[in-house]
Amino acid sequence: MAIMSCFELPVQQPDRDMSVQEFKVWIKQFDMDHDKRISPEELTEALESLHMWFSSWKARGVMKDADTDHTGFIDNKKEVEKLVKYAQQRLHMKIHQS
């Protein structure tokens with residue numbers, strides 16, 4: 001017997017349009033240690049909140065593409081912009097310029 005949980009998630013779903021600024025605010029809420037950078041684990045948590053399948057695998061793909069300085073984190077403006085483009089193109093999130 002499957003147990004279903006019915007509750008409202010405080011995060012936006014990928015089928016909802018959001019601006020780039022809203023996306024940045026949304027992703028920032030997953031910075032659990034408040035170090036102003038997104039780790040692979042935090043990114044996995046963000047993708048899991050959207051109920052995406054294979055979220056840890058997808059997070060590795062995002063990190064491989066967006067982490068241009070190879071620190072293991074998304075931690076600068078250029079990398080955040082790459083994250084936005086990746087989310088639009090490969091994760092099919094509807095993110096638009098404001």
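This chain uses plain numbering: 1 for the first residue, then up along the sequence.
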Which heavy atom in [X] sits nearest to a heavy atom in [Y], and how many Å separate them?
{"X": "Ala59", "Y": "Pro40", "answer": "CB-O, 4.1 Å"}
{"X": "Ile74", "Y": "Leu43", "answer": "CD1-CD2, 4.3 Å"}
{"X": "Glu48", "Y": "Ser55", "answer": "CG-OG, 2.9 Å"}

Co-membership, hydrophobic cluster, residues [X] and [Y], 4.5 Å side-chain:
{"X": "Ile27", "Y": "Met32", "result": "yes"}
{"X": "Leu47", "Y": "Phe23", "result": "yes"}
{"X": "Phe30", "Y": "Leu91", "result": "yes"}

**Report entry** Verdict with reasoning, Met63 to Ile38, per side-chain contact (heavy atoms from CB on, under 4.5 Å)
**Finding:** CA-CA 10 Å; Met63 293 302 288; Ile38 300 295; 5.6 Å; no
Show me, pair by pair, the donor-acceptor contacts under 3.5 angstrom made by side chains of residues 80-90, not counting sequence neighbours?
unit_1 : atom_1 : unit_2 : atom_2 : d
Glu81  : OE2    : Lys24  : NZ     : 2.9
Gln88  : NE2    : Ile95  : O      : 2.5

Query raised in the report: Sequence neighbours excluded, which residues qualify as side chain to side chain donor-acceptor pair (under 3.5 Å) partners of Arg37?
Result: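 If we apply the side chain to side chain donor-acceptor pair (under 3.5 Å) test to Arg37, skipping adjacent residues, the hits are Asp35.
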Query raised in the report: Hey, what else clusters with Phe54 if you join Ile, Leu, Val, Met, Phe, Trp, Tyr whenever side-chain heavy atoms sit under 4.5 Å?
Result: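 Trp53, Trp57, all in the cluster of Phe54.
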Quick one: are [X] and [Y] in side-chain contact, heavy atoms under 4.5 Å?
{"X": "Asp75", "Y": "Asp69", "answer": "yes"}
{"X": "His96", "Y": "Val20", "answer": "no"}
{"X": "Ser49", "Y": "Trp26", "answer": "yes"}
{"X": "Glu79", "Y": "Asn76", "answer": "yes"}

Report task. Check whether the side chains of Gln21 and Ser19 place a donor and an acceptor atom closer than 3.5 Å, and report yes or no. Result ->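 Judged by distance alone, the side chains do not pair up.
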